[in-house]
Number of protein chains: 2
Amino acid sequence: MCFALYAASRALTDVYRPILDEHGLTYPQYLVLLVLWERDDDAPTVSELGAALRLDSGTLSPLLKRLEAAGLVVRTRSAADERRVEVGLTGQGRALRERMGDVPRRVATATGLTEAELVFLHGILTRVTETIHRQKEQ
Amino acid sequence: MCFALYAASRALTDVYRPILDEHGLTYPQYLVLLVLWERDDDAPTVSELGAALRLDSGTLSPLLKRLEAAGLVVRTRSAADERRVEVGLTGQGRALRERMGDVPRRVATATGLTEAELVFLHGILTRVTETIHRQKEQ
DNA sequence: CGCAATCAAGTTGTGCGCAACTTATCGGGC
DNA sequence: GCCCGATAAGTTGCGCACAACTTGATTGCG
């Protein structure tokens, strides 16, 4: 089962790769943008992004630097708390949202699963993830 | 669904990490050993290992070097075809098999899923992986 | 036979993912 | 007001993954 999960995860990023490559993005970078698009004009901090994606600053800091260099994102020190860095979208970052609107459907098609199977799989995987993380916090 | 798969895969390696760490292994290294244990006194080539795990030589070459440095594996140029390198187990590598016999059960428990759910999940994930790879070859 | 195309493994470079550590800021107790 | 523990982000180091390339061996076609 465990190898199946590992293999499926890598196979899926194989599907994403050529699609995201059209926009010069990697899969983790795309995930960050998905979070930002959802919370537009909210500008989460690096920690909040990390909580949403379960990634730490060691992964996010360089990734966000690359997104900033690509002109999709801006990082600004919070005025209220100088420790925090807020991550906001640029106009270019917002514009990308529409151009990538069809990505989820293209990927879903490539999996060859039915809508019902996708929903079921989502449920069971989310449950596994949460079970594991709940155990870790104890 | 896609983030769920990505997150679940990483959560599962979080479960493996402390367990494998007791033996000084990483998860991909453990997967290589699983293949070798299954095919004992067969000594697959690097390519055959790659086909089994869907990893290329760029990933496997340095990984196998580390397993060799740990004394678990030996790499030998094939006499019949000097291009090939056969990967065999050392005595120490074989001995590790027994000591790690309980690993799968410990991990399965940590997922919090029932036996039936694990079987079902395995089936659906394997199908996704194969669907994706079949499409790529066309 | 000779040589061009193919193939196996390894190398290089980039980007995660995570542990361990560093730096700078913040907040609470005295 | 000051210090001490906690917190946020960043840095360093290591091990995958994967693309692109290199090196050396092999195969097959003329």
Side-chain angles (χ1 to χ4, degrees), chain A residues 3 6-18 20-21 24-33 43-51 53-70 73 75-87 129 132-133 136, chain B residues 3 6-18 20-21 24-33 43-51 53-70 73 75-87 133 136:
Chain A
F3 172 65
Y6 167 77
S9 175
R10 274 169 42 229
L12 200 59
T13 69
D14 279 353
V15 175
Y16 274 105
R17 201 182 326 279
L20 296 181
D21 217 47
L25 293 176
T26 65
Y27 183 58
Q29 287 167 10
Y30 172 65
L31 289 178
V32 167
L33 289 178
T45 65
V46 174
S47 295
E48 286 165 354
L49 270 176
L53 300 175
R54 298 197 175 280
L55 293 170
D56 67 2
S57 68
T59 300
L60 286 174
S61 286
L63 188 157
L64 291 170
K65 247 191 217 173
R66 283 186 284 270
L67 285 181
E68 190 169 43
V73 143
R75 294 182 303 156
T76 39
R77 283 275 161 197
S78 160
D81 184 344
E82 291 267 337
R83 290 173 303 180
R84 295 165 187 255
V85 167
E86 287 157 5
V87 181
T129 305
I132 291 172
H133 286 122
K136 263 182 60 172
Chain B
F3 172 65
Y6 167 78
S9 175
R10 275 167 43 228
L12 199 59
T13 69
D14 280 353
V15 175
Y16 274 105
R17 192 166 302 106
L20 297 181
D21 218 46
L25 293 176
T26 65
Y27 183 58
Q29 288 167 10
Y30 172 64
L31 290 178
V32 166
L33 288 178
T45 64
V46 174
S47 295
E48 285 165 354
L49 270 176
L53 300 175
R54 298 196 174 281
L55 293 170
D56 68 3
S57 68
T59 301
L60 287 174
S61 286
L63 187 156
L64 292 171
K65 248 192 219 173
R66 283 186 284 271
L67 284 182
E68 189 169 45
V73 142
R75 294 183 303 157
T76 41
R77 283 273 162 200
S78 160
D81 185 342
E82 291 267 338
R83 290 174 304 180
R84 294 165 187 257
V85 167
E86 287 157 5
V87 182
H133 286 122
K136 263 181 62 173

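Just so we're on the same page: letters track the sequence lines, and every chain starts at 1. Just the heavy atoms: all of them, side chains too, but no hydrogens, waters or symmetry mates, feed the values below.
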To the nearest angstrom, how far is A/Asp56 atom CG from D/dT12 atom C1'? 13 Å
What is the ring orientation for B/Tyr27 with A/Tyr6, classed by angle as parallel under 30°, tilted 30 to 60°, or perpendicular over 60°? perpendicular
With B for base contact, S for sugar-phosphate-only contact and - for none (protein heavy atoms under 4.0 Å), nucleotides 7-16 of chain C reads BSBBB---SS
Rounded off to whole Å, could you give me the CG-to-P distance for the B/Asp21 and C/dA19 pair? 10 Å
State, with a plain yes or no, whether a side-chain heavy atom of A/Asp56 is found less than 4.5 Å away from one of A/Thr59. yes
OP1, OP2 of C/dC18 versus side-chain N and O of B/Arg10: anything below 4.0 Å? yes
Side chain proximity check, B/Val85 to B/Thr76, heavy atoms < 4.5 angstrom: no
Rounded to whole Å, how long is the line connecting atom CG of B/Leu25 with atom C1' of D/dC14? 15 Å
Quick check: does any side chain N or O of B/Thr45 sit under 3.5 Å from a backbone N or O of B/Glu48, one acting as donor and the other as acceptor? yes
Would you mind reading off the distance between B/Leu31 atom CG and D/dA17 atom C1', rounded to a whole angstrom? 13 Å
Nearest 0.5 angstrom please: A/Leu12 CG to B/Ser9 OG, how far? 10.5 Å
Looking at side-chain heavy atoms only, is the closest gap between A/His133 and A/Thr129 below 4.5 Å? yes
Rounding to an integer number of Å, can you tell me how far B/Leu53 CG sits from D/dC16 P? 12 Å
In whole angstroms, how far is the C1' atom of D/dC16 from the OH atom of B/Tyr16? 17 Å
